[in-house]
S.K.: 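Take this structure first; my questions come after.
One-based numbering along the sequence shown.
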Amino acid sequence: MGKSYAFEQEQRDLEAAGLPVQRLDLGRCGTDPARAAAKLAAVFQPPTDATEWHVLLDGLDEGLDNLLELDQLLIEQVEGLEDEARRGLRLRISCRTARWPSGLHTELCRLWAVNQVAMVGLAPLSRDDVTLAARAVHLEDPAAFSRLKRSGSDGGSIP
């Protein structure tokens with residue numbers, strides 16, 4: 001029920017609304033810069049006749065573990081877009097906060113207006129949140145998730 005699940009749900013919602021959407025697991029881009037660039041290029045192809053299109057890049061932190069320059073390859077792809085295509089692009093990138101590249105936000109603000117670039121975080125789930133989420137995906141015993149053994153915890157959020 002973390003970043004990847006949120007992106008899967010976002011993709012389903014966008015598709016249900018009839019909006020063009022591409023999703024890429026950046027952790028699977030590998031260690032070869034050419035291969036990673038090709039995978040990025042494939043999702044950054046603007047659809048014809050769409051004024052709004054969405055790209056969901058999941059797991060930048062995992063991708064950076066394999067390829068340190070992945071954030072620069074990403075910026076190069078966005079820079080290569082025509083202005084009109086970039087204006088219509090709605091880009092979302094998931095990444096653990098501690099692993100977010102220091103200059104990436106600045107680079108994104110250079111490509112879009114500052115007020116069009118936002119960073120948001122996912123809050124940890126409480127036990128009640130986990131039970132509700134488990135019920136939403138029709139798990140047999142949602143309460144079992146809220147009884148997960150946790151070391152060093154005071155019963156607050158589930159990591």
Side-chain angles (χ1 to χ4, degrees), residues 1-125 129-130 133-134 136-139 145 148 150-151 157-159:
M1 296 292 180
K3 300 181 313 294
S4 295
Y5 181 82
F7 268 27
E8 290 169 8
Q9 183 176 359
E10 179 74 4
Q11 181 177 11
R12 284 191 302 271
D13 292 347
L14 290 166
E15 288 171 343
L19 295 168
V21 58
Q22 293 286 329
R23 184 166 57 101
L24 177 62
D25 180 352
L26 294 173
R28 295 181 182 255
C29 281
T31 58
D32 177 28
R35 179 176 180 230
K39 286 188 171 213
L40 286 166
V43 298
F44 279 104
Q45 293 299 313
T48 56
D49 302 328
T51 57
E52 179 180 322
W53 57 295
H54 300 257
V55 173
L56 311 176
L57 301 178
D58 191 17
L60 177 59
D61 49 319
E62 296 164 16
L64 289 168
D65 288 344
N66 296 326
L67 186 62
L68 290 175
E69 65 267 27
L70 186 58
D71 59 322
Q72 289 307 307
L73 295 174
L74 161 62
I75 291 299
E76 288 172 12
Q77 289 297 320
V78 177
E79 285 175 331
L81 293 172
E82 298 289 332
D83 288 341
E84 185 176 337
R86 189 178 319 131
R87 278 192 298 275
L89 173 61
R90 305 300 180 258
L91 175 64
R92 293 166 188 80
I93 306 167
S94 76
C95 184
R96 288 183 175 83
T97 305
R99 191 66 171 99
W100 184 263
S102 60
L104 185 55
H105 186 263
T106 302
E107 288 293 313
L108 293 171
C109 288
R110 182 177 59 79
L111 298 167
W112 284 283
V114 175
N115 65 345
Q116 292 180 325
V117 177
M119 294 179 66
V120 296
L122 293 177
L125 298 176
D129 292 334
V130 170
V137 295
H138 308 291
L139 290 179
F145 270 26
L148 293 174
R150 302 166 51 211
S151 60
S157 60
I158 295 184

S.K.: Identify the heavy atoms of Ala85 and Trp53 that sit nearest to each other, and give their distance.
M.R.: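 So the minimum-distance heavy-atom pair works out to O-NE1, 3.0 Å.
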S.K.: To the nearest 0.5 Å, what is the distance between CZ (Arg96) and CG (Leu64)?
M.R.: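 Rounded to the nearest 0.5 Å, the CZ-CG separation comes out at 11.5 Å.
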S.K.: Taking atom CD1 of Ile93 and atom CZ of Phe7, what is their separation to the nearest 0.5 Å?
M.R.: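 Between Ile93 CD1 and Phe7 CZ, I get 8.0 Å after rounding to 0.5 Å.
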S.K.: Is a side-chain donor or acceptor of Trp112 paired with a backbone partner of Arg86 at a separation under 3.5 angstrom?
M.R.: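 Between the backbone of Arg86 and the side chain of Trp112 there is a qualifying donor-acceptor contact (under 3.5 Å).
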S.K.: I'd like to know whether Arg110 forms a salt bridge (Lys or Arg N to Asp or Glu O under 4.0 Å) with Glu107, so could you lay out the CA-CA distance, the side-chain angles of the two residues, the decisive distance to 0.1 Å, and finally the verdict.
M.R.: CA-CA 5 Å; Arg110 182 177 59 79; Glu107 288 293 313; 2.6 Å; yes
S.K.: Does any non-hydrogen side-chain atom of Lys39 lie less than 4.5 Å from one of Val43?
M.R.: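 A side-chain contact under 4.5 Å is absent here.
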S.K.: Show, in sequence, the C-alpha distance, side-chain angles and deciding distance for Leu67 and Asp32, and conclude whether the side-chain contact (heavy atoms from CB on, under 4.5 Å) test is met.
M.R.: CA-CA 7 Å; Leu67 186 62; Asp32 177 28; over 6 Å; no
S.K.: In Å, rounded to the nearest 0.5 Å, how long is the span from CZ of Arg87 to OG1 of Thr51?
M.R.: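 So the gap between those two atoms works out to 11.5 Å.
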S.K.: Just verifying a value: how many Å separate Lys3 NZ and Glu10 CD, rounded to the nearest 0.5 Å?
M.R.: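 Here the interatomic distance stands at 15.5 Å.
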S.K.: Keeping the roles fixed (side chain from Trp100, backbone from Leu60), state whether a donor-acceptor pair exists under 3.5 Å.
M.R.: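 Flag not set: sc Trp100 to bb Leu60 has no pair under 3.5 Å.
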S.K.: Any donor-acceptor pair under 3.5 Å linking the side-chain atoms of Gln11 with those of Glu15?
M.R.: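 Yes - a donor-acceptor pair under 3.5 Å links their side chains.
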S.K.: For Asp13 and Leu19, run side-chain contact (heavy atoms from CB on, under 4.5 Å): C-alpha distance rounded to whole Å, both residues' side-chain angles, the deciding distance at 0.1 Å, then the answer.
M.R.: CA-CA 9 Å; Asp13 292 347; Leu19 295 168; over 6 Å; no
S.K.: If every non-hydrogen atom of Ala50 is compared with every non-hydrogen atom of Pro20, which pair is closest and at what distance?
M.R.: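 Of all heavy-atom pairs spanning Ala50 and Pro20, the closest is CB-CG, 3.8 Å.
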S.K.: Kindly say whether Asn66 contributes a backbone atom to a donor-acceptor pair with the side chain of Thr31 at under 3.5 angstrom?
M.R.: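 The answer is no, because no donor-acceptor pair under 3.5 Å joins these two groups.
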S.K.: I would like to know whether Val117 and Leu111 meet side-chain contact (heavy atoms from CB on, under 4.5 Å); could you show each step before the answer?
M.R.: CA-CA 9 Å; Val117 177; Leu111 298 167; over 6 Å; no
S.K.: For Arg99, is there an ion pair with Asp61 - N to carboxylate O distance below 4.0 angstrom?
M.R.: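 Salt bridge between Asp61 and Arg99, a charged N being under 4.0 Å from a carboxylate O: no.
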S.K.: Nearest 0.5 Å, what's the CG-CD distance between Leu57 and Gln22?
M.R.: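 Answer rounded to 0.5 Å: 10.5 Å.
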S.K.: So which heavy atom on His54 is nearest to which on Glu52, and how close?
M.R.: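 In terms of heavy atoms, the two residues are closest at NE2-OE2, 2.8 Å.
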S.K.: Side chains of Leu26 and Leu74: closer than 4.5 Å at any heavy-atom pair?
M.R.: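 Contact flag for Leu26/Leu74 side chains = no.
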S.K.: Within the structure provided, determine whether Leu70 and Leu40 are in side-chain contact (heavy-atom separation under 4.5 Å).
M.R.: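 Counting from C-beta outward, Leu70 and Leu40 do come under 4.5 Å.
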S.K.: Side chains of Glu62 and Asp25: closer than 4.5 Å at any heavy-atom pair?
M.R.: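 They are in side-chain contact.
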S.K.: Quick one: are Leu24 and Phe44 in side-chain contact, heavy atoms under 4.5 Å?
M.R.: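 No, every pair of side-chain atoms sits at 4.5 Å or beyond.
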S.K.: Donor-acceptor check, side chain of Gln77 to backbone of Leu73, threshold 3.5 angstrom: yes or no?
M.R.: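 Not a single qualifying donor-acceptor pair exists.
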S.K.: I need the Arg28 CZ to Arg35 CZ distance, nearest 0.5 Å.
M.R.: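 Here the rounded value is 10.0 Å.
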S.K.: Hey, are the side chains of Pro46 and Leu89 touching, using non-hydrogen atoms and a 4.5 Å cut-off?
M.R.: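 Side chain of Pro46 against side chain of Leu89, heavy atoms only: no contact under 4.5 Å found.
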